[in-house]
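See structure below.
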Amino acid sequence: MSNKENMDLKEFEALLRAEKTKIEKNIEMILAEVSSIGTEEEIGDLEDMAELEIDNTTDQALLLQLKNQIAEIDAALGRIVQGTYGICEKTHKPIPVERLRAIPWARTVVGE
(Lines give C-alpha, C1' and ligand atoms only; values in the text may rest on other atoms or scores of the structure.)
Protein backbone atom coordinates (compact mmCIF):
# COMPACT_ATOMS: atom_id res chain seq x y z
CA MET A 1 0.00 0.00 0.00
CA SER A 2 1.63 3.21 -1.13
CA ASN A 3 0.31 5.48 1.60
CA LYS A 4 0.87 2.89 4.32
CA GLU A 5 4.37 4.22 4.91
CA ASN A 6 2.86 7.70 5.30
CA MET A 7 0.29 6.47 7.83
CA ASP A 8 0.95 6.54 11.52
CA LEU A 9 -1.20 3.64 12.70
CA LYS A 10 -0.82 4.78 16.32
CA GLU A 11 -2.49 8.05 15.34
CA PHE A 12 -5.46 6.20 13.89
CA GLU A 13 -5.63 3.78 16.79
CA ALA A 14 -5.73 6.75 19.18
CA LEU A 15 -8.46 8.42 17.09
CA LEU A 16 -10.51 5.23 17.09
CA ARG A 17 -10.13 4.64 20.82
CA ALA A 18 -11.03 8.27 21.63
CA GLU A 19 -14.14 8.06 19.46
CA LYS A 20 -15.12 4.76 21.07
CA THR A 21 -14.77 6.27 24.55
CA LYS A 22 -16.93 9.24 23.52
CA ILE A 23 -19.61 6.95 22.09
CA GLU A 24 -19.59 4.72 25.20
CA LYS A 25 -20.18 7.81 27.36
CA ASN A 26 -23.08 8.83 25.11
CA ILE A 27 -24.56 5.35 25.44
CA GLU A 28 -24.29 5.55 29.23
CA MET A 29 -26.08 8.92 29.24
CA ILE A 30 -28.89 7.64 27.03
CA LEU A 31 -29.32 4.49 29.11
CA ALA A 32 -29.46 6.60 32.28
CA GLU A 33 -32.11 8.79 30.66
CA VAL A 34 -34.13 5.78 29.52
CA SER A 35 -34.03 4.19 32.96
CA SER A 36 -35.06 7.45 34.65
CA ILE A 37 -38.10 7.74 32.38
CA GLY A 38 -39.46 4.48 33.76
CA THR A 39 -39.32 5.78 37.32
CA GLU A 40 -40.81 9.20 36.68
CA GLU A 41 -44.36 9.69 37.89
CA GLU A 42 -44.98 12.73 35.73
CA ILE A 43 -47.12 10.88 33.23
CA GLY A 44 -50.35 12.77 33.50
CA ASP A 45 -52.22 12.11 30.31
CA LEU A 46 -52.14 10.53 26.88
CA GLU A 47 -50.10 13.40 25.50
CA ASP A 48 -47.37 12.73 28.06
CA MET A 49 -47.49 9.03 27.23
CA ALA A 50 -47.17 9.75 23.50
CA GLU A 51 -44.24 12.08 24.08
CA LEU A 52 -42.49 9.47 26.21
CA GLU A 53 -43.09 6.84 23.53
CA ILE A 54 -41.56 9.10 20.87
CA ASP A 55 -38.59 9.85 23.14
CA ASN A 56 -38.14 6.14 23.84
CA THR A 57 -38.27 5.24 20.14
CA THR A 58 -35.74 7.97 19.35
CA ASP A 59 -33.45 6.83 22.18
CA GLN A 60 -33.63 3.21 21.03
CA ALA A 61 -32.77 4.17 17.44
CA LEU A 62 -29.88 6.30 18.65
CA LEU A 63 -28.61 3.48 20.87
CA LEU A 64 -28.67 1.09 17.93
CA GLN A 65 -26.78 3.57 15.77
CA LEU A 66 -24.15 4.15 18.47
CA LYS A 67 -23.71 0.41 19.05
CA ASN A 68 -23.26 -0.10 15.31
CA GLN A 69 -20.65 2.64 15.28
CA ILE A 70 -18.77 0.92 18.11
CA ALA A 71 -18.83 -2.30 16.07
CA GLU A 72 -17.34 -0.40 13.11
CA ILE A 73 -14.63 1.05 15.36
CA ASP A 74 -13.84 -2.38 16.80
CA ALA A 75 -13.60 -3.76 13.25
CA ALA A 76 -11.21 -0.94 12.30
CA LEU A 77 -9.07 -1.67 15.35
CA GLY A 78 -9.02 -5.30 14.23
CA ARG A 79 -7.86 -4.24 10.77
CA ILE A 80 -4.97 -2.35 12.38
CA VAL A 81 -3.92 -5.55 14.16
CA GLN A 82 -4.34 -7.61 10.97
CA GLY A 83 -2.39 -5.14 8.88
CA THR A 84 -5.29 -4.37 6.53
CA TYR A 85 -6.24 -0.96 7.94
CA GLY A 86 -6.51 1.72 5.28
CA ILE A 87 -7.17 -0.69 2.43
CA CYS A 88 -10.52 -0.43 0.62
CA GLU A 89 -12.53 -3.61 1.13
CA LYS A 90 -14.01 -3.36 -2.38
CA THR A 91 -11.15 -2.13 -4.58
CA HIS A 92 -8.19 -3.18 -2.40
CA LYS A 93 -6.70 0.26 -3.07
CA PRO A 94 -5.39 2.56 -0.33
CA ILE A 95 -7.96 4.73 1.40
CA PRO A 96 -6.68 8.33 1.41
CA VAL A 97 -5.24 9.39 4.75
CA GLU A 98 -7.50 12.48 4.72
CA ARG A 99 -10.58 10.23 4.57
CA LEU A 100 -9.26 8.09 7.41
CA ARG A 101 -8.64 11.18 9.52
CA ALA A 102 -12.23 12.29 8.91
CA ILE A 103 -13.74 8.80 9.35
CA PRO A 104 -11.12 6.56 10.98
CA TRP A 105 -13.36 3.48 10.70
CA ALA A 106 -13.87 3.91 6.93
CA ARG A 107 -13.88 0.59 5.07
CA THR A 108 -13.87 1.94 1.51
CA VAL A 109 -12.66 4.82 -0.59
CA VAL A 110 -15.23 7.52 -1.37
CA GLY A 111 -17.79 6.44 -3.93
CA GLU A 112 -17.30 2.71 -3.38
Side-chain angles (χ1 to χ4, degrees):
M1 166 172 174
S2 61
N3 73 340
K4 191 162 187 157
E5 300 86 35
N6 300 332
M7 259 199 312
D8 178 7
L9 292 179
K10 291 183 189 275
E11 170 192 355
F12 292 103
E13 182 177 3
L15 285 171
L16 289 162
R17 292 193 186 283
E19 187 68 21
K20 184 175 179 177
T21 299
K22 185 172 83 174
I23 292 169
E24 288 171 340
K25 287 180 183 177
N26 286 339
I27 288 173
E28 288 175 21
M29 289 184 344
I30 292 169
L31 289 174
E33 178 183 322
V34 168
S35 68
S36 73
I37 289 173
T39 61
E40 292 178 8
E41 297 192 15
E42 298 175 5
I43 302 172
D45 57 21
L46 258 103
E47 192 173 304
D48 288 342
M49 288 280 284
E51 186 176 331
L52 285 175
E53 183 64 31
I54 290 168
D55 288 346
N56 184 44
T57 301
T58 302
D59 288 341
Q60 294 302 323
L62 186 54
L63 280 171
L64 179 61
Q65 181 182 14
L66 292 172
K67 288 177 182 180
N68 288 338
Q69 197 168 1
I70 284 181
E72 287 294 321
I73 290 169
D74 286 340
L77 290 168
R79 290 191 298 277
I80 288 175
V81 171
Q82 296 169 356
T84 59
Y85 182 80
I87 300 171
C88 178
E89 292 181 354
K90 293 183 179 180
T91 66
H92 304 289
K93 294 180 181 177
I95 299 172
V97 173
E98 299 79 25
R99 176 162 168 75
L100 292 171
R101 284 197 178 111
I103 306 170
W105 53 89
R107 293 175 176 265
T108 61
V109 296
V110 175
E112 295 301 317

* **Check: R99 side chain, T108 main-chain N or O, donor-acceptor pair, under 3.5 Å** =>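 Yes, because the side chain of R99 sits within donor-acceptor range (under 3.5 Å) of the backbone of T108.
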
What is the distance from atom [atom1] of [X] to atom [atom2] of [Y], rounded to the nearest 0.5 Å?
X: K25; Y: E28; atom1: NZ; atom2: CD; result: 8.5 Å
X: N26; Y: L62; atom1: CG; atom2: CG; result: 7.5 Å
X: L16; Y: T21; atom1: CG; atom2: OG1; result: 10.5 Å
X: I23; Y: E19; atom1: CD1; atom2: CD; result: 4.5 Å

* **Any V97 side-chain heavy atom under 4.5 Å of F12 side chain** =>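 Heavy-atom side-chain distance check passes, below 4.5 Å.
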
* **Side-chain heavy-atom pair I70, K67 within 4.5 angstrom cut-off** =>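 They are not in contact (no side-chain heavy atoms under 4.5 Å apart), so the answer is no.
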
* To do: Heavy atoms only: give me the nearest A106-I95 pair and the separation to one decimal.
  =>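 A106 and I95 have their closest heavy atoms at O-CD1, 3.7 Å.
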
* Give the minimum heavy-atom separation between L15 and P104, together with the two atoms involved. =>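 Distance-wise, the nearest heavy atoms are CB-CG, 4.1 Å.
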
Determine all donor-acceptor pairs shorter than 3.5 Å in which one atom belongs to a side chain in residues 73-83; sequence neighbours excluded.
{"residue": "D74", "atom": "OD1", "partner": "K20", "partner atom": "NZ", "Å": "2.6"}
{"residue": "R79", "atom": "NH2", "partner": "W105", "partner atom": "O", "Å": "3.1"}

* Could you go step by step and tell me if L63 and I27 meet the side-chain contact (heavy atoms from CB on, under 4.5 Å) rule? -> CA-CA 6 Å; L63 280 171; I27 288 173; 3.9 Å; yes

